[in-house]
2 protein chains.
Amino acid sequence: MPRYADIRRAIEDRIISGELQPGDRIPGEEDLAAEHGVSRMTVNKALSALADAGLVVRRRRSGSFVAAPGSQATILEIHDIKSEILNAGRRYRHVVFSRRVRVATAAERARLSLSAKGRVLALSVQHFADDRPFVLEERLISIAAVPEARTVDFSVTPPGTWLLERIPWTDALHTIRAINAPARVAARLDLRVGTACLVIDRVTWRSGAPVTSVRLTYPGDRHELSARFSAGHRGR
Amino acid sequence: MPRYADIRRAIEDRIISGELQPGDRIPGEEDLAAEHGVSRMTVNKALSALADAGLVVRRRRSGSFVAAPGSQATILEIHDIKSEILNAGRRYRHVVFSRRVRVATAAERARLSLSAKGRVLALSVQHFADDRPFVLEERLISIAAVPEARTVDFSVTPPGTWLLERIPWTDALHTIRAINAPARVAARLDLRVGTACLVIDRVTWRSGAPVTSVRLTYPGDRHELSARFSAGHRGR
DNA sequence: GAGTGGTCTAGACCACTGA
DNA sequence: CAGTGGTCTAGACCACTCA
């Protein structure tokens, strides 16, 4: 394994473990070079790769800093619903209509790789744009991974926003499909039963440990997902 | 603009223009360094970035080569339907049930940035997996961008596969949404009218010039899209 | 104005692999 | 076994920007 990969991994580990928090300053290239016993160019290669991946932000004259998880999210296409609505110039509000800490069901344990007695915080949230239903969110947060979630008031900050701001994630698996709205979904989203809806399931990991899973149900006729790719700029 | 960016762009241009074809050998690092009057490290940075982007493949002892567009596609998440079905171990077949060269409508001209008399090849194709309807494809190919498409027999090679193999693309815009199947779609896909379907619209460009647009309609209950992201490896 | 990252160099050694 | 990419070095100059 090349030296620059070692250095990159070392810094990544310090970020993922939480030793380095978003906004913290990373030692300068000279310091890291001395610390690892390599030339500055080698350190530069590691830091450039991290900046390219969105984990760090580099600024001349001031140094390299751990990126806010939010900016990471943009690059990796996990969007915060609240920001998305506000950026579109619409009013945002949300309602938490169910919240429980409980033992995970078998299916949930499988999805989040939890042990037999693993507990989760289960939340049902609805988001509104300009007071119209925008999306339903059904979320599970692993208590083992995020114990402090138990005491957070998610009626102030919606759980997606809170998690994106606090938890650096390393992997995410998305699944997208279309369903016909069942009665309960239709009622919440103010649709007729059977209207096509877009369903996004996402499980998020932090260095191998599952953190949260979420199912987002959008009215199919009111919402579109867009993604632009450029060859050579991979997803930017 | 840094020198390595110039060199990268110069090579990209030669690939996109078609001067360098897939499989062609790119001059070695020493040669490029001499040609551009820079050190080998600078050329290396340009070539590494191109390899990272999937445009070139680098092999020790033999050199750097223009990548097959197919491998590019994997990285950038445009999947070939035929390969997708075959990789899943299912039988593949497709039917072209409509094919016309015609002047683009106003909406199509807008989507493909065509002039008033711009012509397109319009294709309607259905794909089957194990003889069950898998997806409907409605495709427009800009005659200006791909004149040779007029004479291709797309009943042998489906248009998506043909295009992926021949045309290096540089940008793609995806839009995903859910619809209730109208009568015609339902009949083709062997669904009841109103069944939720996943619709993917994609417009593809080659260095600023639109090449093709396609609408793929999947039965929502039979198909899921999955994507995995890793922080620091962006979409790989 | 000074410290930081951004870039570049000329040279070096090595690992791999295909001719 | 020779040619190619992969990596690394020690040093340099510059541009930017924050203190």
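Below, read A as the first sequence line, B as the second, and so on, with proteins coming before strands; counting in each chain starts at 1.
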query = So what does B:Ser48 hit on the nucleic acid, given a heavy-atom distance under 4.0 Å: a base, only sugar-phosphate, or nothing?
reply = nothing

message = Suppose we screen for salt bridge (charged side-chain N to carboxylate O under 4.0 Å, His left out). Which residues come up paired with A:Asp131, at least two apart in sequence or across chains?
response = A:Arg91, A:Arg93

Salt bridge (charged side-chain N to carboxylate O under 4.0 Å, His left out) partners for B:Arg90, two or more places apart = B:Asp130

ask   = A:Arg99: what forms a salt bridge (charged side-chain N to carboxylate O under 4.0 Å, His left out) with it, not counting sequence neighbours?
value = none

task = Can you tell me which residue pairs pass the ring-ring contact (aromatic ring centres under 6.0 Å, His included) test with a partner in residues 24-59 of chain B, sequence neighbours excluded?
result = none

key: Residue-level proximity of residues 23-32 of chain A to DNA chain D when a heavy atom falls under 4.0 Å   = none

request  = For DNA chain C, note the earliest and the latest nucleotide, 5' to 3', having some atom under 4.0 Å of a heavy atom belonging to chain B.
outcome  = C:dT7 to C:dA19

inquiry  = Need one value for A:Arg3: base, sugar-phosphate or nothing, where a base atom within 4.0 Å counts as base even if backbone is also close, heavy atoms only.
reply    = sugar-phosphate

query = Considering residues at least two apart in sequence or located in another chain, which fulfil the ring pair (Phe, Tyr, Trp, His ring centres under 6.0 Å) criterion with A:Tyr4?
reply = none

key: Within residues 31-43 of chain A or reaching into it, pairs that qualify as salt bridge (charged side-chain N to carboxylate O under 4.0 Å, His left out) - sequence neighbours excluded   = A:Glu29-A:Arg40

query = For the base of D:dC18, is there a side-chain donor-acceptor partner from A:Arg61 under 3.5 Å away?
reply = yes

task = Using the six-membered ring of A:Phe65, assess whether NZ or CZ of A:Arg59 lies under 6.0 Å from its centre and within 45 degrees of the ring axis.
result = yes

query = What pairs with A:Arg14 under salt bridge (charged side-chain N to carboxylate O under 4.0 Å, His left out), at least two apart in sequence or on another chain?
reply = A:Glu19

